Student: 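The following block contains the structure, expressed as structure tokens.
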Amino acid sequence: MEHIEAIKEFDGWLNRYQHDSVTCHCRMAFSVYLPPQARAGKVPAVYWLSGLTCTDDNFRVKAGAQRYAAELGLALVIPDTSPRGADVPDAERYDLGQGAGFYVNATQAPWSRHYQMYDYVTRELPALVETELPLIPGLRSITGHSMGGHGALICALKEPGLYRSVSAFAPICHPMASGWGQGCFKTYLGNNRETWVAYDATRLIEEGATAMPLLVDQGTADEFLMEQLHPLSLERVCAARNFSLTLRMQEGYDHSYHFISTFIGEHLAWHAKALQVVQTKS
């Protein structure tokens, strides 16, 4: 793990790293914010998954999350959204290829060698950062935006116990009904729609995923609300399954980081509460 950047913020450190990923077969970059509490010992971590076209840089620059993480004693782990490099397959579309890994394990050539973002986020990256940095193994939460909100939901739903809490900003709640999701799923996973169910939060809950509280913020002025995001589909299936969902429709907010920065403090406080309860009990 190569340490390539360090910036002091709010008495903690925003670090950037590169490493050779054995999962994605390429050089991967990610950022970690370590709060000042990390100087005295281990701290729990909140993983942030970004949306289409983003890198790890968008969230750490635009969201204003480090101030809250420093106050709450949380580390922030911020991976990239896809594998990258000259040898990594790409597409001309912004919603496919590099910058659009969709947090799935691709099964179709030529994507399957590199596009293994689900295993990277849930397996390789936590093992790496918890070995090399002062993070508490087993004390993780996860959140994200848009494609990354979809990623956060499926990671938590598919891996009971791996994360102590999950939230999302404007997530793609039902990608099998979304143009973004359909395009990526068909390309990465093939034409058999039954294989897509494993990466659709609405369908995972419908199929019996282990219940856990979900916090979702969605702006009412989001240009992608109706065609791509489908929060009401998630709401319906959660109601039918008695699955705890707090869906907050935030009046007038759009899909941008203006929206995320407004509510990121509330999300981090929500995760901190879940992580501290576990820490107290351990």
Side-chain angles (χ1 to χ4, degrees), residues 1-24 26-50 54-84 101 103 116-144 148 151-152 155-156 159 161-167 264 267-280 282:
M1 194 167 83
E2 181 186 0
H3 191 187
I4 60 174
E5 186 180 46
I7 303 170
K8 192 170 186 179
E9 293 183 332
F10 307 106
D11 205 28
W13 288 91
L14 178 64
N15 300 291
R16 198 161 192 252
Y17 302 92
Q18 288 183 343
H19 72 111
D20 293 321
S21 170
V22 298
T23 302
C24 295
C26 66
R27 193 80 168 159
M28 295 290 284
F30 64 94
S31 292
V32 177
Y33 177 69
L34 289 175
Q37 294 86 341
R39 292 196 297 270
K42 295 182 179 294
V43 292
V46 176
Y47 285 70
W48 171 268
L49 305 185
S50 293
C54 291
T55 67
D56 59 310
D57 202 40
N58 297 74
F59 177 75
R60 68 184 203 152
V61 170
K62 297 178 179 180
Q66 290 91 308
R67 176 187 294 274
Y68 300 105
E71 294 172 357
L72 296 165
L74 297 173
L76 302 174
V77 181
I78 314 161
D80 202 348
T81 54
S82 77
R84 297 182 191 268
Y103 304 104
Q116 301 292 310
M117 287 300 294
Y118 181 82
D119 279 353
Y120 179 75
V121 167
T122 61
R123 300 288 189 272
E124 183 176 8
L125 185 60
L128 180 65
V129 298
E130 289 173 9
T131 299
E132 299 292 335
L133 301 174
L135 305 184
I136 302 174
L139 284 180
R140 313 174 199 92
S141 292
I142 192 165
T143 183
C155 288
E159 303 288 342
L162 189 61
Y163 306 100
R164 304 301 182 180
S165 53
V166 58
S167 71
I264 188 64
H267 280 242
L268 291 181
W270 192 73
H271 291 300
K273 183 178 180 180
L275 291 163
Q276 288 167 2
V277 167
V278 174
Q279 192 170 4
T280 300
S282 62

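These numbers were taken from a predicted model, which means no experiment stands behind them. Numbering of residues begins at 1 and proceeds along the displayed sequence.
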Student: Would you compute the distance between atom CE of Met117 and atom CE of Met28 and round it to the nearest 0.5 angstrom?
Tutor: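 Output value for this atom pair is 4.5 Å.
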
Student: Tell me if a side-chain donor or acceptor on Gln37 pairs with a main-chain N or O of Ala70 at a distance below 3.5 Å.
Tutor: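 Checked: pair present.
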
Student: Please name all residues satisfying side chain to side chain contact (heavy atoms under 4.5 Å, CB included) with Ala38, sequence neighbours left out, ordered by chain then number.
Tutor: Leu34, Pro35, Val43, Pro134

Student: If the condition is side chain to side chain donor-acceptor pair (under 3.5 Å), which residues does Ser50 pass it with, not counting sequence neighbours?
Tutor: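 So Ser50 forms a side chain to side chain donor-acceptor pair (under 3.5 Å) with Trp48.
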
Student: Tell me, please, which residues at least two apart from Glu9 pass side chain to side chain contact (heavy atoms under 4.5 Å, CB included).
Tutor: Ile7, Leu14, Tyr33, Gln66

Student: Give the minimum heavy-atom separation between Val77 and Leu125, together with the two atoms involved.
Tutor: CG1-CD2, 4.0 Å

Student: Under the rule for side chain to side chain donor-acceptor pair (under 3.5 Å), what residues qualify as partners of Asn58, not counting sequence neighbours?
Tutor: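 For Asn58 there are no side chain to side chain donor-acceptor pair (under 3.5 Å) partners, ignoring immediate neighbours.
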
Student: Does atom OH of Tyr17 have more than 12 heavy-atom neighbours, drawn from other residues, nucleotides or ligands, at distances under 6.0 Å?
Tutor: yes

Student: Return the minimal non-hydrogen interatomic distance between Leu139 and Leu275, and the atom names on each side.
Tutor: C-CD2, 3.6 Å

Student: Which residues pass the side chain to side chain donor-acceptor pair (under 3.5 Å) test with Tyr120, not counting sequence neighbours?
Tutor: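 Applying side chain to side chain donor-acceptor pair (under 3.5 Å) to Tyr120 gives His19.
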
Student: Closest heavy-atom contact between Pro44 and Gly73?
Tutor: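 Closest pair (atom of Pro44, atom of Gly73, distance): CD-O, 3.7 Å.
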
Student: Are Ile142 and Leu162 side-chain neighbours, meaning at least one heavy-atom pair lies under 4.5 Å?
Tutor: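 Result no, sub-4.5 Å side-chain heavy-atom pair not found.
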
Student: Indicate the atoms forming the closest heavy-atom contact of Val121 with Tyr163, along with that distance.
Tutor: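 Closest approach of Val121 to Tyr163, heavy atoms only: O-OH, 4.0 Å.
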
Student: State whether the side chain of Ser31 and the backbone N or O of Asp56 hold a donor-acceptor pair below 3.5 Å, judged by distance alone.
Tutor: no

Student: Going by ring pair (Phe, Tyr, Trp, His ring centres under 6.0 Å), name the residues that satisfy it together with His267, two or more places apart in sequence or in a different chain.
Tutor: Phe169

Student: Enumerate the salt bridge (charged side-chain N to carboxylate O under 4.0 Å, His left out) contacts for residues 67-83, please, sequence neighbours excluded, ordered by first and then second residue.
Tutor: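 The answer is Asp80-Arg84.
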
Student: If you round to the nearest 0.5 Å, how far is CG of Leu133 from CE of Met1?
Tutor: 4.0 Å

Student: Where do Val46 and His271 come nearest, in terms of heavy atoms and distance?
Tutor: CG2-CB, 4.0 Å

Student: Asp20: what forms a salt bridge (Lys or Arg N to Asp or Glu O under 4.0 Å) with it, not counting sequence neighbours?
Tutor: Arg27

Student: Among residues two or more places apart or on two chains, list those pairs meeting side-chain hydrogen bond (donor to acceptor under 3.5 Å, both in side chains) that have a residue in residues 134-143.
Tutor: Glu130-Arg140, Ser141-Ser165, Thr143-Ser167

Student: Output all residues satisfying salt bridge (Lys or Arg N to Asp or Glu O under 4.0 Å) with Glu124, sequence neighbours left out; order by chain, then residue number.
Tutor: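 Testing Glu124 for salt bridge (Lys or Arg N to Asp or Glu O under 4.0 Å), a comparison that skips the adjacent residues, returns none.
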
Student: Under the side chain to side chain contact (heavy atoms under 4.5 Å, CB included) rule, collect the residues that match up with Ala6, sequence neighbours excluded.
Tutor: His3, Trp13, Asn15

Student: Report the residues that fulfil side chain to side chain donor-acceptor pair (under 3.5 Å) with Tyr118, sequence neighbours left out, ordered by chain and then residue number.
Tutor: Glu159

Student: For Ala65, is there any backbone N or O sitting under 3.5 Å from a side-chain donor or acceptor partner on Arg60?
Tutor: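 Judged by distance alone, no pair lies under 3.5 Å.
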
Student: State whether Arg16 and Asp57 are salt-bridged, where the test is any N-O pair (Lys NZ or Arg NE/NH1/NH2 against Asp/Glu carboxylate O) under 4.0 Å.
Tutor: no

Student: Which atoms form the tightest heavy-atom contact between Ala156 and Val166, and what is the distance?
Tutor: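 Closest approach of Ala156 to Val166: CB-CB, 3.7 Å.
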
Student: Enter the distance from Cys54:SG to Ile78:CD1 here, rounded to the nearest 0.5 Å.
Tutor: 11.5 Å

Student: For the OG1 atom of Thr23 and the CD atom of Gln116, what is their distance to the nearest 0.5 Å?
Tutor: 8.0 Å

Student: Could you measure the distance from the CZ atom of Phe59 to the CG atom of Leu49? Nearest 0.5 Å is fine.
Tutor: 10.0 Å

